[in-house]
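Below is one structure, written out as structure tokens; the observations come after it.
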Amino acid sequence: MAKDINLLPEKEVKTKREEAAIGGFYKLSLVFIALVAIVAGGVFGVGQFFSLQVKAVERANDNLTSIINNLRSREILLQSTKSKAKGISEIVSKRPDFASVLDDISGLLPDGVQLSELQVDRKGMVKLTAKADNSSSLNTFLTALNDPEKGGKMFNKLTVTSIKNDKSGGYLVVLTMNLIGGKWKTG
């Protein structure tokens with residue numbers, strides 16, 4: 001039988017084995033610590049990356065929230081403006097277009113006739129007061145109002161309510177007539 005011949009004392013042999021085991025364990029511990037450090041560094045780096053991404057998303061979210069709030073306020077303003085415009089449009093459609101009626105009548109005035117008063121109601125009844133320098137000017141005006149190619153296109157039911165002589169030798173005439181269609185023209 002072969003017996004291991006060990007010339008070293010048994011205590012020293014144990015110590016060398018223990019040192020070898022400790023040395024292997026030490027190397028393994030260093031490798032493990034290095035791996036843990038690498039993983040920790042990676043986790044830290046990934047955490048920092050995501051932290052920066054979260055901050056960027058939060059900034060973008062704040063910007064988008066600001067834009068959305070701005071658009072909402074513009075939408076409210078636009079709706080308010082549309083509502084006001086609709087209201088104004090309704091009011092204007094119910095109101096006579098005085099300028100149009102005045103332009104129509106003024107276009108028929110001959111030289112020597114001046115319009116001094118104009119009244120128009122919602123039903124299209126027109127009452128006007130004019131001053132004519134002479135009977136010829138007055139006749140020209142009344143003829144133009146009745147002419148189917150001129151005033152007759154715009155007015156009907158012409159009635160001379162009154163004719164008076166004025167101090168200057170002219171005539172003061174009050175006329176009533178209806179707008180054709182009985183309604184105001186809208187601009």
Side-chain angles (χ1 to χ4, degrees), residues 48-187:
Q48 286 299 315
F49 173 77
F50 283 118
S51 173
L52 291 174
Q53 294 301 315
V54 166
K55 288 178 183 177
V57 168
E58 286 174 350
R59 280 192 303 270
N61 185 36
D62 290 344
N63 289 339
L64 290 175
T65 301
S66 172
I67 290 170
I68 288 170
N69 288 337
N70 189 14
L71 289 174
R72 281 183 186 156
S73 65
R74 284 184 182 181
E75 180 182 18
I76 290 168
L77 181 61
L78 181 61
Q79 288 173 347
S80 172
T81 303
K82 282 182 180 180
S83 175
K84 288 177 183 178
K86 183 179 178 184
I88 290 171
S89 178
E90 287 176 12
I91 290 170
V92 167
S93 70
K94 293 176 183 176
R95 176 182 94 174
D97 184 5
F98 288 109
S100 176
V101 174
L102 185 59
D103 284 345
D104 292 344
I105 293 171
S106 296
L108 300 174
L109 291 173
D111 289 337
V113 177
Q114 298 85 32
L115 185 63
S116 59
E117 186 178 344
L118 174 67
Q119 296 175 356
V120 185
D121 66 15
R122 289 182 186 262
K123 295 179 182 176
M125 174 67 93
V126 178
K127 179 180 177 183
L128 65 88
T129 304
K131 181 179 183 281
D133 291 342
N134 55 50
S135 62
S136 175
S137 300
L138 179 58
N139 187 41
T140 304
F141 180 52
L142 294 174
T143 302
L145 284 172
N146 277 320
D147 186 344
E149 297 299 316
K150 295 180 182 175
K153 289 181 178 179
M154 301 171 271
F155 308 103
N156 62 14
K157 298 183 182 176
L158 175 65
T159 305
V160 177
T161 306
S162 71
I163 297 178
K164 296 179 186 175
N165 288 331
D166 72 352
K167 297 174 187 174
S168 65
Y171 297 95
L172 191 61
V173 64
V174 178
L175 305 170
T176 58
M177 57 192 155
N178 290 333
L179 287 168
I180 291 191
K183 294 182 183 177
W184 287 101
K185 294 182 203 175
T186 55

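Count residues from 1 along the sequence. This structure is a prediction, so every number in the text was calculated from the model and none was measured.
By the neighbour-count criterion of 12 heavy atoms within 6.0 Å, atom CD of E149 is sparsely surrounded, having that number or fewer from other residues, nucleotides or ligands. Residue-environment remark: CG (D103) exceeds the threshold of 12 foreign heavy atoms within 6.0 Å.
Each of Q119, M177, K157, M154 was checked for a side-chain contact (heavy atoms from CB on, under 4.5 Å) with V126, and the lone residue meeting it is M177.
The salt bridge (charged side-chain N to carboxylate O under 4.0 Å, His left out) search around D147 returns none, not counting sequence neighbours. For E75, the side chain to side chain contact (heavy atoms under 4.5 Å, CB included) test picks out Q79, with sequence neighbours left out. Residues passing the side chain to side chain contact (heavy atoms under 4.5 Å, CB included) test with T65 are N61, N69, sequence neighbours excluded. Here R74 pairs with N70 under the side chain to side chain contact (heavy atoms under 4.5 Å, CB included) rule; sequence neighbours left out.
Inter-residue side-chain proximity for K153 and I180 is flagged as unmet; no heavy-atom pair is nearer than 4.5 Å. Considering only heavy atoms from C-beta on, D121 stays 4.5 Å or farther from K127 through its side chain.
The CG atom of L175 lies 8.5 Å from the OG1 atom of T159; values are rounded to the nearest 0.5 Å. Rounded to the nearest 0.5 angstrom, N63 CG and I68 CD1 are separated by 11.0 Å. Between S106 atom OG and D104 atom CG the span is 9.0 Å, to the nearest 0.5 Å. To the nearest 0.5 Å, the span separating CD1 on I105 from CG on L128 amounts to 5.0 Å. Taking OG1 from T176 and CG from N178, the interatomic distance works out to 7.5 Å, rounded to the nearest 0.5 Å. Interatomic distance, L71 CG to L78 CG, rounded to the nearest 0.5 Å: 11.5 Å.
The backbone N or O of A85 lies less than 3.5 Å from no partner atom in the side chain of S89, so there is not a single donor-acceptor pair.
Shortest non-hydrogen contact noted between L108 and F155 is CD1-CE1, 4.4 Å. Taking each heavy atom of L158 and L145 in turn, the nearest pair found is CD2-CB, 4.0 Å. Scanning all heavy atoms of the two residues, the minimum distance from A132 to L138 falls at CB-CB, 3.7 Å. Of all heavy-atom pairs between S137 and P110, the closest is O-CG, 3.5 Å. Across all non-hydrogen atoms, the minimal contact from A130 to V113 is CB-CG1, 4.1 Å. In terms of heavy atoms, T129 sits closest to L115 at O-CD1, 3.6 Å.
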N/O donor-acceptor pairs under 3.5 Å from side chains in residues 166-174, not counting sequence neighbours:
| from | atom 1 | to | atom 2 | distance (Å) |
| --- | --- | --- | --- | --- |
| D166 | OD1 | S168 | N | 3.3 |
| D166 | OD1 | S168 | OG | 3.2 |
| D166 | OD1 | G169 | N | 3.2 |
| D166 | OD1 | G170 | N | 2.6 |
| D166 | OD2 | K131 | NZ | 3.2 |
| D166 | OD2 | S168 | OG | 3.1 |
| S168 | OG | K131 | NZ | 3.2 |

Query raised in the report: Can K150 and T143 be said to form a side chain to side chain contact (heavy atoms under 4.5 Å, CB included), step by step?
Result: CA-CA 9 Å; K150 295 180 182 175; T143 302; over 6 Å; no
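If you check the side chains of S136 and N139, you find no donor sitting under 3.5 Å from an acceptor.
Legend: salt bridge (Lys or Arg N to Asp or Glu O under 4.0 Å) pairs involving residues 49-70, not counting sequence neighbours: none detected.
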